[in-house]
Amino acid sequence: MRVLITGAAGFIGSHLCERFLREGHEVIGMDNFLTGTPENISHLFGNENFTFIKYDVTNFIYVEGDLDLILHFACPASPVDYLNHPIHTMKVDSLGTLHTLGLAKAKKARYVLASTSEIYGNPQVHPQPETYWGNVNPIGPRSVYDEAKRFSEALSMAYHREHGIDVRIARIFNTYGPRMRINDGRVVPNFIYQALTGKPITVYGDGSQTRSFCYIEDLVEGIYRLAVKEGIEGEVFNLGNPEEYTVLELAKLIKEITGSSSDIVFKERPEDDPDRRRPDITKAKSILGWEPKTPVREGLKKTIEWFRTKI
Ligand code: UDP
């Protein structure tokens, strides 16, 4: 296949580029380096099946030649990043989604949208199945991401219904692993950096809020299956690890694995920070035959080793 990946220089995007190249596909990566970095893909530049276009997907997109598949993964995804770039985040998930869907229509390409567990907001159903409609504050600070991703889902479904585009939506839950930016503000890089440098580990609130953490290799496997499977047009899938931890448990686990002497300190909780989050992955299991294989402790060990080389 000839595949376009937006957000190619990002954490998940760069791993996807690698995976599709490994499977023998031709990959065109696109990124404007707003939150992604050239370092994530520099090792791919010698690969004859890889082309890179530095471009902002909020502008009209032109790609020469055929395309079989578009994966729209461009978007600031860390709360700190999207709160720093609120309007651009909304543009990437409105104009960017519109342009990539328009391109899919023009090229008769399959389309995979990177959506998020954030579309469930502060969920009142637990764990969250795909059939849950969510509980989102439409004007809160996180709405720039939550509502934009909800719009992206709606627009993708409109293109599916009106133009018959073969659209698939991945609702990605918290994911971690090598190539996360050390300062991206998310809980895993923050805690690892703090633990490795002896700085206080900053737990927001009392740390009783929960998240479920999926290792990047597992997530990429799920996205790959979602992208290549036949007969799932217009379907949405939760992709994440159902192993649920409180943030305080995560802090203790990272402190233990790193052997750190950092103190755990408690800071103010961000506005609208979801209380609980855990994917119901029954659908991905039964239709894609997918479930995460990497226990959190093992994935964290690998991630910590990688971060050690970066500090
Ligand atoms: N968090 C924390 N300390 C940090 C960074 C994050 O306690 O230094 C908490 C945050 O309040 C949230 C959870 O960790 O409850 C996950 O935050 P993250 O920014 O990774 O992503 P989110 O799941 O909120 O999108």
Side-chain angles (χ1 to χ4, degrees), residues 1-8 12-13 15-17 19-20 23-30 57 61 63 65-75 92-120 128-134 146-173 175 214 218-240 279-292:
M1 286 190 292
R2 193 157 187 260
V3 185
L4 173 71
I5 302 179
T6 74
I12 298 178
H15 286 279
L16 282 176
C17 288
R19 176 63 190 265
F20 277 86
E23 301 284 345
H25 304 293
E26 184 184 341
V27 174
I28 303 164
M30 191 172 273
V57 294
I61 305 170
V63 173
D66 293 338
L67 283 176
D68 303 295
L69 173 65
I70 298 173
L71 297 122
H72 183 34
F73 276 68
C75 187
V92 173
D93 281 313
S94 51
L95 299 173
T97 306
L98 179 70
H99 295 147
T100 48
L101 279 164
L103 188 64
K105 177 171 169 257
K107 304 283 187 186
K108 298 186 172 54
R110 182 176 286 178
Y111 187 87
V112 175
L113 174 71
S115 186
T116 166
S117 53
E118 279 282 328
I119 66 104
Y120 298 122
Q128 296 80 53
E130 290 86 351
T131 46
Y132 178 48
W133 291 357
D146 304 9
E147 294 292 12
K149 286 290 187 188
R150 289 172 71 97
F151 175 84
S152 282
E153 288 200 9
L155 191 64
S156 301
M157 291 308 291
Y159 267 75
H160 170 63
R161 294 191 181 106
E162 191 172 339
H163 295 305
I165 306 295
D166 178 354
V167 157
R168 292 106 192 268
I169 298 171
R171 289 189 184 146
I172 302 169
F173 285 64
T175 301
C214 186
D218 287 331
L219 181 83
V220 165
E221 179 64 33
I223 292 167
Y224 191 79
R225 288 184 188 211
L226 172 100
V228 299
K229 175 111 183 148
E230 297 300 327
I232 53 165
E233 295 87 352
E235 293 287 342
V236 51
F237 291 87
N238 285 338
L239 295 178
D280 179 335
I281 58 164
T282 311
K283 187 173 175 186
K285 265 190 195 168
S286 66
I287 298 178
L288 305 176
W290 174 85
E291 66 182 311

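- Look at Arg2 and Asp68 and you find no salt bridge, because none of the NZ, NE, NH1 or NH2 atoms lies under 4.0 Å from a carboxylate O.
- How far CG of Leu226 is from CZ of Arg110: 9.0 Å, rounded to the nearest 0.5 Å.
- The residues Glu235 and Lys229 are annotated as not salt-bridged, no charged nitrogen and carboxylate oxygen being separated by less than 4.0 angstrom.
- In the model, Asn238 has no side-chain atom that pairs as donor or acceptor with a side-chain atom of Tyr132 under 3.5 Å.
- A salt bridge does not link Glu118 with Arg171: none of the charged nitrogens is closer than 4.0 Å to a carboxylate oxygen.
- Nearest heavy-atom pair across Lys283 and Val236 is NZ-O, 2.8 Å.
- Between Ile172 and Ala114, the shortest heavy-atom contact is CD1-CB, 4.1 Å.
- Rounded to the nearest 0.5 angstrom, Cys17 SG and Ile12 CD1 are separated by 12.0 Å.
- The line from CZ of Phe151 to OG of Ser115 is 13.0 Å long, rounded to the nearest 0.5 Å.
- A distance-only check finds no donor-acceptor pair linking the side chain of His25 to the backbone of Phe20 [under 3.5 Å].
- Checked by atom type and distance alone, the side chain of Ser94 never pairs as donor or acceptor with a backbone atom of Val92 at under 3.5 Å.
- Across all their heavy atoms, Asp93 and Lys149 have their closest contact at OD1-NZ, 3.3 Å.
- Side-chain contact between Thr116 and Ile119 is present, with at least one heavy-atom pair separated by less than 4.5 Å.
- Contact of the Phe237 side chain with the Ile232 side chain is registered, since non-hydrogen atoms from C-beta on lie closer than 4.5 Å.
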Applying side-chain contact (heavy atoms from CB on, under 4.5 Å), run through Ile169 and Met157 and close with a yes or a no. CA-CA 9 Å; Ile169 298 171; Met157 291 308 291; 4.1 Å; yes

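- Contact between Leu67 and Ile28 at its shortest, heavy atoms only, is CD2-CD1, 4.0 Å.
- When each of Leu71, Leu103, Leu69 is checked for a side-chain contact (heavy atoms from CB on, under 4.5 Å) with Leu4, only Leu103 meets the rule.
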From CA spacing to verdict: side-chain contact (heavy atoms from CB on, under 4.5 Å), Ser156, Arg168: CA-CA 8 Å; Ser156 301; Arg168 292 106 192 268; over 6 Å; no

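- Judged by distance alone, with hydrogens and angles left aside, the side-chain atoms of Trp290 form a donor-acceptor pair with the main-chain N or O of Asp218 at under 3.5 Å.
- Salt-bridge check for Arg150 with Glu153: failed, with every basic side-chain N at 4.0 Å or more from each acidic carboxylate O.
- Residue Leu155 holds its CG atom at 10.0 Å from CG of Leu95, rounded to the nearest 0.5 Å.
- Within the 4.5 Å cutoff, the side chain of Val57 has heavy atoms near those of the Met30 side chain.
- Ile223 is listed as a side-chain neighbour of Phe73, based on a closest heavy-atom distance under 4.5 Å.
- Summarising the local packing, NZ of Lys105 is surrounded by 12 or fewer heavy atoms from other residues, nucleotides or ligands at distances under 6.0 Å.
- Put simply, the residue from Val112, Thr6, Ile5 that forms a side-chain contact (heavy atoms from CB on, under 4.5 Å) with His72 is Thr6.
- With salt bridges taken as basic N to acidic carboxylate O contacts below 4.0 Å, one links Glu221 and Arg19.
- In this model, a donor atom of one side chain and an acceptor atom of the other lie less than 3.5 Å apart for Thr100 and Tyr111.
- In this structure, Ala8 and Gly29 approach most closely via the heavy-atom pair CB-CA, 3.5 Å.
- In this structure, the side chain of Lys107 engages the main chain of Gly65 through a donor-acceptor pair within 3.5 Å.
- Side chains of Leu101 and Val167 form a contact here, defined as non-hydrogen atoms less than 4.5 Å apart.
- For Tyr159 (side chain) and Ala154 (main-chain N/O), no donor-acceptor pair under 3.5 Å exists by modelled atom type.
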